[in-house]
Asker: 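Would you mind keeping the following structure in view while I ask a few things?
Numbers restart at 1 for each chain; the letters A, B, ... are given by sequence-line order, proteins then strands.
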Protein chains: 2
Amino acid sequence: MGDVYQALADPTRRLILDELTERDGQSLFELCSRLVMRHGVTSSRQAISQHLAVLEDAGLVSSRRFGRTKLHHLHTEPLREIAERWPAEPKE
Amino acid sequence: MGDVYQALADPTRRLILDELTERDGQSLFELCSRLVMRHGVTSSRQAISQHLAVLEDAGLVSSRRFGRTKLHHLHTEPLREIAERWPAEPKE
DNA sequence: ACAATAGGCAAGTAGCCACTTGCATGTCAA
DNA sequence: TTGACATGCAAGTGGCTACTTGCCTATTGT
């Protein structure tokens with residue numbers, strides 16, 4: 001299991017999470033096109049694929065194959081831990 | 001203003017935030033000692049100082065000098081943005 | 001004044017990470 | 001079955017970053 005914080009460190013990976021928030025269950029090709037069109041991302045398909053692997057390893061994304069395509073789904077549970085680790089007010 | 005996500009990417013920096021959560025307003029020397037004692041951190045004083053600069057640049061820590069010491073204070077507001085950026089349920 | 005304390009600055013280094021490139025695998029449609 | 005499509009794998013490269021090292025500044029106490 002990879003590091004959630006490190007997964008969030010890359011701006012392209014955060015855009016992938018944004019894109020999956022808007023439309024869950026996208027394939028790699030869908031994500032690539034929409035990232036280019038809507039967010040001006042210039043990375044190659046392989047780059048996006050590697051980013052997805054990091055996100056999946058961190059438990060933020062799950063994937064399932066359907067024939068020759070692979071659909072990706074968002075999971076936000078690991079993010080809740082971040083907000084809870086450092087409470088709003090420090091200990092007195 | 002630096003990147004909050006990138007500031008959180010380093011495990012030592014997260015330990016610094018933990019330490020400031022337990023006891024806010026520590027000096028550099030206090031932080032170094034307690035990180036070694038309680039968390040087994042082996043980094044040098046300069047390393048911790050550079051980490052504090054990153055955290056301060058990201059708006060997670062503020063500092064104020066008192067004579068020859070410098071006290072560091074935690075600010076968790078930038079962390080709230082993370083939980084709000086990706087809501088618990090994706091759009092339908 | 002002098003020494004000790006708390007911290008800062010800057011250059012150099014080593015390891016990691018994002019990205020590319022090239023090729024391979026598997027699936028659908030004609 | 002043949003070609004086009006969707007994805008996977010693996011090695012190589014460049015840049016970033018955490019860390020160290022050495023020296024410097026400023027403050028406090030005796």
Asker: Using only atom types and a distance under 3.5 Å, with no angle test, would you say the side chain of Arg13(A) pairs donor to acceptor with the backbone of Ala7(A)?
Answerer: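 Flag set: sc Arg13(A) to bb Ala7(A) pair under 3.5 Å.
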Asker: Can you tell me the distance, in whole Å, between the CG atom of Leu52(B) and the C1' atom of dC19(D)?
Answerer: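 So the CG-C1' distance, Leu52(B) to dC19(D), works out to 15 Å.
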Asker: Not counting sequence neighbours, which residues clear side chain to side chain contact (heavy atoms under 4.5 Å, CB included) with Ala53(A)? List them please.
Answerer: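 By the side chain to side chain contact (heavy atoms under 4.5 Å, CB included) rule, Ala53(A) matches no residue at all.
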Asker: Quick one: does Val54(A)'s side chain get under 4.5 Å of Asp10(A)'s, heavy atoms only?
Answerer: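 A side-chain contact is absent here, since even the closest heavy-atom pair is not under 4.5 Å.
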Asker: With a 4.0 Å limit, can you tell me whether Lys70(A) has a side-chain N or O closer than that to the phosphate oxygens OP1/OP2 of dG26(C)?
Answerer: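 The answer is no; no side-chain N or O of Lys70(A) sits under 4.0 Å from OP1 or OP2.
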Asker: Rounding to an integer number of Å, can you tell me how far Phe29(A) CZ sits from dA4(D) P?
Answerer: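 To the nearest whole Å, that distance equals 14 Å.
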Asker: Strictly below 4.0 Å, heavy-atom distances to any atom of DNA chain C: list the hits from residues 1-18 of chain B, or just say none.
Answerer: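 Heavy-atom contacts with DNA chain C come from no residue of residues 1-18 of chain B; none.
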Asker: Nearest-Å distance, CD (Glu30(A)) to P (dC5(D))?
Answerer: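 Computing the Glu30(A):CD to dC5(D):P distance gives 17 Å.
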Asker: In residues 31-50 of chain B, which ones come under 4.0 Å of DNA chain D, going by heavy atoms?
Answerer: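 Those residues are Ser43(B), Ser44(B), Gln46(B), Ala47(B), Gln50(B).
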Asker: Strictly by salt bridge (Lys or Arg N to Asp or Glu O under 4.0 Å), give each pair with a member in residues 62-75 of chain A just once, sequence neighbours left out.
Answerer: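 Residue pairs with at least one partner in residues 62-75 of chain A: there are none.
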Asker: Quick one: salt bridge (charged side-chain N to carboxylate O under 4.0 Å, His left out) partners of Glu30(B), sequence neighbours excluded?
Answerer: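 By the salt bridge (charged side-chain N to carboxylate O under 4.0 Å, His left out) rule, Glu30(B) matches Arg23(B).
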Asker: Nearest whole angstrom, please: distance from the C1' of dG7(C) to the CZ of Arg64(B).
Answerer: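 Computing the Arg64(B):CZ to dG7(C):C1' distance gives 18 Å.
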Asker: Salt bridge (Lys or Arg N to Asp or Glu O under 4.0 Å): which pairs involve residues 31-56 of chain B, sequence neighbours left out?
Answerer: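 Checked against salt bridge (Lys or Arg N to Asp or Glu O under 4.0 Å) - neighbours excluded - the pairs reaching residues 31-56 of chain B are Glu19(B)-Arg34(B), Glu19(B)-Arg38(B), Glu22(B)-Arg38(B).
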Asker: Report the hydrophobic cluster partners of Leu71(B), with the cluster defined as I, L, V, M, F, W, Y residues connected by side-chain heavy atoms closer than 4.5 angstrom, directly or transitively.
Answerer: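 Besides Leu71(B), the cluster holds Phe66(B).
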Asker: With sequence neighbours excluded, tell me which residues meet salt bridge (charged side-chain N to carboxylate O under 4.0 Å, His left out) with Asp18(A).
Answerer: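 With sequence neighbours excluded, Asp18(A) shows a salt bridge (charged side-chain N to carboxylate O under 4.0 Å, His left out) to Arg85(B), given in chain and number order.
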Asker: Ser49(B): which residues meet the side chain to side chain contact (heavy atoms under 4.5 Å, CB included) condition with it, sequence neighbours left out?
Answerer: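 Only Leu28(B) meet the side chain to side chain contact (heavy atoms under 4.5 Å, CB included) criterion with Ser49(B).
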Asker: Show me the protein contacts with nucleotides 24-30 of chain D, counting only N or O atoms at under 3.5 Å.
Answerer:
{"unit_1": "dT27(D)", "atom_1": "O2", "unit_2": "Arg68(B)", "atom_2": "NH1", "d": "3.4"}

Asker: Check whether any side-chain nitrogen or oxygen of His51(B) sits under 4.0 Å from OP1 or OP2 of dC19(D), and answer yes or no.
Answerer: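 So the side-chain polar atoms of His51(B) do come within 4.0 Å of the phosphate oxygens OP1 or OP2 of dC19(D), strictly under.
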Asker: Is there a donor-acceptor contact under 3.5 Å linking the side chains of Ser62(A) and His75(A)?
Answerer: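 Yes.
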Asker: Does some side-chain heavy atom of Thr76(B) sit less than 4.5 Å from a side-chain heavy atom of Pro87(A)?
Answerer: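 They are not in contact (no side-chain heavy atoms under 4.5 Å apart), so the answer is no.
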Asker: For Leu28(B) and dT5(C), give me the distance from atom CG to atom P, rounded to whole Å.
Answerer: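 Value for this atom pair: 15 Å.
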Asker: With sequence neighbours excluded, tell me which residues meet side chain to side chain contact (heavy atoms under 4.5 Å, CB included) with Asp3(A).
Answerer: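 For Asp3(A), the residues satisfying side chain to side chain contact (heavy atoms under 4.5 Å, CB included) (neighbours in sequence not counted) are Tyr5(A), Gln6(A), Arg14(B).
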Asker: In whole angstrom, give the distance that lies between atom CG of Asp57(A) and atom P of dC17(C).
Answerer: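 Going from CG in Asp57(A) over to P in dC17(C) covers 12 Å.
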Asker: Rounded to 10°, tell me the angle between the two end axes of the helix from dA1(C)-dT30(D) to dA30(C)-dT1(D), each built from five pairs.
Answerer: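 About 30°, once rounded to a multiple of 10°.
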Asker: Assess the side chains of His73(B) and Ser63(B): does a donor N or O sit below 3.5 Å from an acceptor N or O?
Answerer: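 Not at all, the side chains of His73(B) and Ser63(B) share no donor-acceptor pair under 3.5 Å.
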